[in-house]
Amino acid sequence: MPKWNVYVTRMIPQPAIERLQQHCEVTVNSEDRVLTRAELLREVAGRDAVLCLLTDTIDVAVLDAAKGAKIFANYAVGYNNIDLQAASDRGILITNTPGVLTDTTAELAWALLFAVARRVVPADQFTRAGRFEGWGPMLFLGQDVTGKTLGIFGGGRIGSAFGKKAKGFEMKLLYCDVQRNPEFEAETGAEYVTKERLLRESDFVSLHIPLLPETRHFIGAAELRLMKPTAILINTSRGPVIDEAALVDALWNRTIWGAGLDVFEAEPELAPGLTELDNVVILPHIASATIATRTQMGLMAAENILAALRGETPPNWVNR
Ligand code: DGY
């Protein structure tokens with residue numbers, strides 16, 4: 001007889017569900033879509049634990065509807081979708097899935113960087129459209145990567161993994177964060193610099209910062225003006241850290257060279273004009289989307305839930 005009742009707000013890789021089923025009665029949202037607000041409020045009621053996603057807004061009303069729940073295990077490293085204080089006030093544990101998606105996310109940032117620098121997406125579209133008439137000396141000229149300056153905002157797990165992968169490209173590394181990362185500096189020679197210097201000197205600027213009240217619109221019109229006209233901006237963190245309207249303006253006016261975005265300010269909505277630009281690559285928030293990583297994220301969330309239900313400290317508890 002299963003002891004606990006767990007709700008999973010959207011289908012995730014099966015091994016996580018099976019792990020939970022060893023000890024719990026598990027209900028999974030059977031629709032392949034985000035639950036409506038009304039559905040979320042209804043479904044969390046009476047559960048011992050909820051496995052939720054970054055697309056679920058877990059606020060006071062949801063936490064109150066889940067009265068009696070011990071834990072909300074977020075299937076993401078970021079947890080800006082959850083009101084942590086409200087959860088703490090109600091004695092509900094919140095956990096995330098750090099570490100397992102670090103390299104996967106860093107790899108996608110590199111994929112975006114190269115895609116924009118070498119104009120991979122428009123070149124592919126051009127070729128598929130049957131417009132390739134032979135090698136052309138002026139066809140899809142891009143930007144070199146080797147030997148350039150890479151600027152990283154956020155020297156934490158993902159930012160430093162992204163920076164370490166620059167080694168083979170002999171890049172100069174600059175980084176900026178609220179605190180230094182001595183291990184990252186020692187391993188890569190990265191220089192800890194101010195925000196302004198990073199923006200002015202980098203050929204590529206990649207964002208690896210959490211979304212907090214103080215990082216909303218961390219990159220806006222003023223910051224974009226500091227960047228080189230040949231610079232490329234990459235964002236795999238959270239959309240609202242960029243003022244998307246200002247970015248569309250900068251890309252449209254070519255005051256920067258390009259951008260690669262995996263996340264958007266009002267996801268899944270895109271800023272007006274974004275899809276008309278040929279100097280931006282836009283992806284549907286897939287930085288952690290590999291089979292292995294999404295499976296690990298699920299297993300990690302499941303272990304957090306099982307620990308909390310057993311009365312133990314979940315390994316990835318964030319609202320201590
Ligand atoms: C995270 O874990 O925060 C990612 O954005 C999910 O892909």
Side-chain angles (χ1 to χ4, degrees), residues 8-13 15-16 29 32-35 50-59 71-84 87 93-113 115 152-162 165 177 206-216 218-219 233-242 244 259-270 281-305 314-319:
V8 180
T9 64
R10 194 152 175 189
M11 183 45 100
I12 57 170
N29 165 18
D32 188 20
R33 60 168 173 81
V34 179
L35 292 173
V50 177
L51 193 157
C52 58
L53 312 188
L54 58 89
T55 42
D56 302 315
T57 300
I58 308 300
D59 57 11
I71 177 171
F72 274 65
N74 213 34
Y75 182 77
V77 65
Y79 41 85
N80 54 288
N81 56 311
I82 302 180
D83 185 337
L84 283 197
L93 307 179
I94 304 298
T95 58
N96 68 341
T97 61
V100 290
L101 47 70
T102 299
D103 285 315
T104 310
T105 303
E107 285 171 10
L108 193 91
W110 277 102
L112 278 171
L113 187 154
I152 303 169
F153 281 115
R157 274 186 297 260
I158 300 174
S160 59
F162 172 76
K165 296 183 195 307
D177 203 334
S206 193
L207 296 165
H208 302 280
I209 56 177
L211 175 60
L212 303 167
E214 57 275 24
T215 59
R216 187 168 291 273
F218 179 81
I219 300 291
L233 179 65
I234 304 297
N235 190 13
T236 52
S237 60
R238 285 291 181 265
V241 303
I242 297 181
E244 225 168 69
L261 308 174
D262 184 47
V263 286
F264 304 91
E265 198 172 342
E267 235 168 271
E269 304 300 321
L270 304 178
V281 173
I282 49 177
L283 301 179
H285 203 150
I286 55 166
S288 66
T290 66
I291 297 162
T293 292
R294 288 282 166 88
T295 302
Q296 286 308 314
M297 287 165 66
L299 289 171
M300 211 167 182
E303 292 309 332
N304 281 313
I305 286 176
N316 311 107
W317 182 20
V318 294
N319 61 333

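Just follow the structure's listing: the first ligand is 1, and inside any ligand the first atom is 1.
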Asker: What I want to know is whether S237 and ligand 1 share at least one N or O pair that is separated by under 3.5 angstrom.
Answerer: no
Asker: Which protein non-hydrogen atom lies closest to atom 7 (O) of ligand 1, naming both residue and atom, and how far is it?
Answerer: S288 OG, 2.6 Å
Asker: Between ligand 1 and V77, is the shortest N or O to N or O distance under 3.5 Å?
Answerer: yes
Asker: Using a strict cut-off of 4.0 Å, indicate which atoms of ligand 1 neighbour a heavy atom of R294.
Answerer: 7 (O)
Asker: Write out all pairs satisfying salt bridge (Lys or Arg N to Asp or Glu O under 4.0 Å) with one or both partners inside residues 291-303, taking only residues at least two apart or from two chains.
Answerer: R19-E303
Asker: For D177, what residues pass the salt bridge (charged side-chain N to carboxylate O under 4.0 Å, His left out) criterion, not counting sequence neighbours?
Answerer: none
Asker: Would you say A287 and ligand 1 have an N/O pair spaced under 3.5 Å apart?
Answerer: no
Asker: Just which atoms of ligand 1 are under 4.0 Å from any heavy atom in A76?
Answerer: 1 (C), 2 (O), 3 (O)
Asker: If you have a sec, work out which protein heavy atom is nearest atom 3 (O) of ligand 1 and how many Å separate them, to one decimal?
Answerer: R238 NH2, 2.6 Å
Asker: Check the angle between the aromatic planes of F153 and F218 and answer parallel, tilted or perpendicular using the 30° and 60° thresholds.
Answerer: perpendicular
Asker: Ion pair present between D103 and K165, side-chain N to carboxylate O less than 4.0 angstrom?
Answerer: yes
Asker: What do you reckon, does Y75 have a nitrogen or oxygen under 3.5 Å from a nitrogen or oxygen of ligand 1?
Answerer: no
Asker: Mind listing the closest non-hydrogen atom pair of T295 and P15 along with its distance?
Answerer: CG2-CG, 3.8 Å
Asker: Which heavy atom in S160 sits nearest to a heavy atom in R157, and how many Å separate them?
Answerer: OG-O, 3.3 Å
Asker: Quick check: closest heavy atoms across R238 and A76, and the distance to 0.1 Å?
Answerer: NH2-CB, 4.4 Å
Asker: Is L101 touching ligand 1 with its side chain, its backbone, both, or neither, if touching means heavy atoms under 4.0 Å apart?
Answerer: side chain
Asker: Quick check: T97 and ligand 1, any N/O pair under 3.5 Å apart?
Answerer: no
